[in-house]
Amino acid sequence: MKQEKTQWKLFLEAFSAAQSEFTFVLLGVTCLTLVVSLMFTSLWPLSALYFVWLVKDWHTPERGGRRTEFVRNWRIWGHLRDYFPIKLVKTAELDPKKNYILGIHPHGIMCAGGYTCFSTESCGFAEAFPGMRSSLAVLAGLFRIPLFREYLMSAGLLSVSRASLTHVLSKSGKGIALSIVIGGAEESLSSSPGVNTVVMRRRKGFVRMALEHGADLVPVYSFGENELFRQVIFSEGSLGRRLQDLFKRLIGFAPCLFLGDRFGLLPYRTPITSVVGAPIAVPKLLVPTEEEVDHYHNLYMESLSKLFHEHKVSCGLSESHELQII
């Protein structure tokens, strides 16, 4: 019999969801404002010393980051997992003697499933895949924000830049499970309840990276990710969509207008199930041709589609739901 949650437990879950949303939306701006504001107070030496440190430490996000297990094991992540709840489902083994690139789909608004499963230990990744070390790669520009970058690196987040991915796959040994949200900011603009759309037909860089380093490809689909918020979807060519596209080109991500639960602020308590598919064997090719990249890209899309259809019903969708790959 399922045990009913106490009011205190419900509060902790709501607080963890609010903290996660604040981090996603406002923490970067808050950190930047704090550091700059201190320059105009008697505490200006703190900001000055930090900026000196920042210059010295500038390339760390592209050299493996600065991961701490302490942050990845914070109890707050367990409450965030339980808020929805979020579950990690394993369908095949990952060999700790090899490296893998995990493609995360869809992005959704906040990528809650991808972050919780692969950048924290709350969903049991280490237990499910013994010997594997998971890391989530995110927008490189986030690591240019003072203080915020330190928080991101402490959770094991990595820059999605080519230099960063190359370093991780070539100099961090074996047993690496490098997760990348393939659709990125463009995909977030398609996030809406009942929609299963992934952006990847022209996203081939992760396949080329896998071939160059002989890292097997693994599709991951987070069922329920698009159900967390109700988003205002602007049609192609509209002023709102053009502004979103402009913003995305300038700073790397697109501003979304969305509403959730509790006065529109918190995400809806919708279950998220992140299903990790079977690896696609990839050879190591120092200079892969376009034909080779296209071949493995097509294999990946076929594998992702198969994963979606095999698990959609057990994860709460109807048999009629289709996956749209654009």
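- Note: the hydrophobic cluster containing Val168 does not contain Val218 (ILVMFWY, side chain heavy atoms under 4.5 Å, direct or indirect links).
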Could you walk me through whether Lys306 and Glu302 pass the salt bridge (charged side-chain N to carboxylate O under 4.0 Å, His left out) check? CA-CA 6 Å; Lys306 180 181 178 182; Glu302 292 171 4; over 6 Å; no
Evaluate side-chain contact (heavy atoms from CB on, under 4.5 Å) for Ile76 paired with Leu80, printing each intermediate quantity in order. CA-CA 6 Å; Ile76 196 171; Leu80 178 63; 5.9 Å; no
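- Among all heavy-atom pairs drawn from Arg144 and Trp58, the shortest one is CD-CZ2, 3.0 Å.
- Hydrophobic clustering places Phe308 together with Ile180 (ILVMFWY residues linked when any side-chain heavy atoms are closer than 4.5 Å, directly or through intermediates).
- A salt bridge links Arg162 with Glu212: the distance from a Lys NZ or Arg NE/NH1/NH2 to an Asp or Glu carboxylate oxygen falls below 4.0 Å.
- Atom NZ of Lys87 has 12 or fewer neighbouring heavy atoms from other residues, nucleotides or ligands inside a 6.0 Å radius.
- With rounding to the nearest 0.5 Å, the separation of CG in Leu43 from CG in Leu49 is 11.5 Å.
- Side chain of Ser47 to main chain of Val36: no donor-acceptor pair is present (N/O by atom type, distance under 3.5 Å, no hydrogens or angles).
- Glu225 contributes atom CD, which lies 11.0 Å from atom OG1 of Thr273 (distance to the nearest 0.5 angstrom).
- Of the inter-residue distances, the one linking Thr197 atom OG1 with Leu189 atom CG reads 12.0 Å to the nearest 0.5 angstrom.
- His297 contributes atom NE2, which lies 5.0 Å from atom CZ of Phe206 (distance to the nearest 0.5 angstrom).
- Contact of the Leu136 side chain with the Val181 side chain is registered, since non-hydrogen atoms from C-beta on lie closer than 4.5 Å.
- Considering all non-hydrogen atoms of both residues, Ser303 and Ile280 come closest at CB-CD1, 3.7 Å.
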Could you walk me through whether Val282 and Ile101 satisfy the side-chain contact (heavy atoms from CB on, under 4.5 Å) test, starting with their C-alpha distance in whole Å, then the side-chain angles of each, then the deciding distance to 0.1 Å, before giving a yes or no? CA-CA 10 Å; Val282 172; Ile101 291 181; over 6 Å; no
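- Residues Lys174 and Arg133 form no side-chain contact, since every pair of their non-hydrogen atoms from C-beta on lies 4.5 Å or further apart.
- Closest approach of Ile272 and Leu228 over heavy atoms only: CD1-CD1, 3.7 Å.
- When side chains are defined from C-beta on, Tyr268 does not count as touching Glu227, because their heavy atoms never get closer than 4.5 Å.
- Open room surrounds CZ on Arg262; 12 or fewer heavy atoms of other groups in view lie less than 6.0 Å from it.
- Looking at heavy atoms from C-beta onward, Phe143 lies out of side-chain contact with Glu62 at the 4.5 angstrom threshold.
- Although no hydrogens or angles enter the test, the distance criterion places no donor-acceptor pair under 3.5 Å between the side chain of Lys90 and the main chain of Val276.
- Between the side chain of Arg66 and the main chain of Glu150, no donor-acceptor pair closer than 3.5 Å is present.
- Between Asp57 and Arg149 there is a salt bridge, since at least one side-chain N of the basic residue sits less than 4.0 Å from a carboxylate O of the acidic one.
- Ring centers of His105 and Tyr300: under 6.0 Å apart, within the cut-off.
- When side chains are defined from C-beta on, Leu38 does not count as touching Tyr50, because their heavy atoms never get closer than 4.5 Å.
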Name every donor-acceptor pair, under 3.5 Å, that has one atom in a side chain of residues 107-117 and the other anywhere in the protein, sequence neighbours excluded.
residue, atom, partner, partner atom, Å
Thr116, OG1, Ala112, O, 2.7

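- Ile326 belongs to a hydrophobic cluster with Val199, counting contacts under 4.5 Å between side-chain heavy atoms of Ile, Leu, Val, Met, Phe, Trp and Tyr, direct or through other members.
- Between Ser16 and the choices Arg75, His79, Glu21, the side chain to side chain contact (heavy atoms under 4.5 Å, CB included) rule is met once, by His79.
- In this structure the side chain of Asn196 never reaches within 4.5 angstrom of the side chain of Gln324, judged on heavy atoms.
- The hydrophobic cluster containing Ile86 also contains Phe15, counting ILVMFWY residues as joined when their side-chain heavy atoms lie under 4.5 angstrom apart, directly or transitively.
- The heavy-atom pair separating Leu157 from Ser119 by the smallest distance is CD2-OG, 3.4 Å.
- For the residue pair Leu102 and Tyr100, the shortest heavy atom distance occurs at CD1-CB, 3.8 Å.
- When hydrophobic clusters are built by joining Ile, Leu, Val, Met, Phe, Trp and Tyr residues whose side-chain heavy atoms come closer than 4.5 Å, directly or via intermediates, Val198 is not grouped with Leu139.
- To the nearest 0.5 angstrom, Phe223 atom CZ is 15.0 Å from Thr270 atom OG1.
- In this structure a side-chain-to-backbone donor-acceptor pair under 3.5 Å is missing from Asp261 to Leu266.
- With hydrogens and angles ignored, the 3.5 Å screen pairs no side-chain donor or acceptor of Trp77 with any backbone N or O of Cys123.
- Residues Arg208 and Tyr296 fail the side-chain proximity criterion, which asks for heavy atoms closer than 4.5 Å.
- Tyr221 OH to His311 NE2: the interatomic distance, rounded to the nearest 0.5 Å, is 13.0 Å.
- Using a 4.5 Å cut-off between side-chain heavy atoms of Ile, Leu, Val, Met, Phe, Trp and Tyr, with links allowed through other members, Trp74 and Phe84 fall into the same hydrophobic cluster.
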side-chain contact (heavy atoms from CB on, under 4.5 Å), that's the test. Do Glu187 and Met200 meet it? Break it down for me. CA-CA 9 Å; Glu187 194 170 85; Met200 66 165 300; 5.9 Å; no
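- Side-chain contact, Arg72 with Ser134: a donor N or O sits under 3.5 Å from an acceptor N or O.
- Remark: side-chain polar atoms of Asp216 are not paired, donor with acceptor, to backbone N or O of Ala210 under 3.5 angstrom.
- Considering only heavy atoms from C-beta on, Leu10 comes within 4.5 Å of Gln7 through its side chain.
- At distances below 3.5 Å, not a single donor-acceptor pair connects side-chain atoms of Ser274 with backbone N or O atoms of Ser222.
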Are Val275 and Leu307 close enough, and set up right, to give a side-chain contact (heavy atoms from CB on, under 4.5 Å), and what steps lead you there? CA-CA 8 Å; Val275 184; Leu307 180 73; 3.7 Å; yes
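- In this structure, Ala137 and Ser159 approach most closely via the heavy-atom pair CB-O, 4.2 Å.
- Counting only distance, with no hydrogens or angles, the side chain of Lys204 and the backbone of Val293 share no donor-acceptor pair below 3.5 Å.
- Between the side chain of Arg230 and the main chain of Pro193, no donor-acceptor pair closer than 3.5 Å is present.
- The side chain to side chain contact (heavy atoms under 4.5 Å, CB included) test with Ile145 singles out one residue from Leu32, Leu152, Thr30, and that residue is Leu32.
- Formation of a donor-acceptor pair under 3.5 Å by the Tyr83 side chain with backbone atoms of Pro267 is found in this model.
- Legend: ring-ring contact (aromatic ring centres under 6.0 Å, His included) pairs involving residues 148-188, not counting sequence neighbours: none detected.
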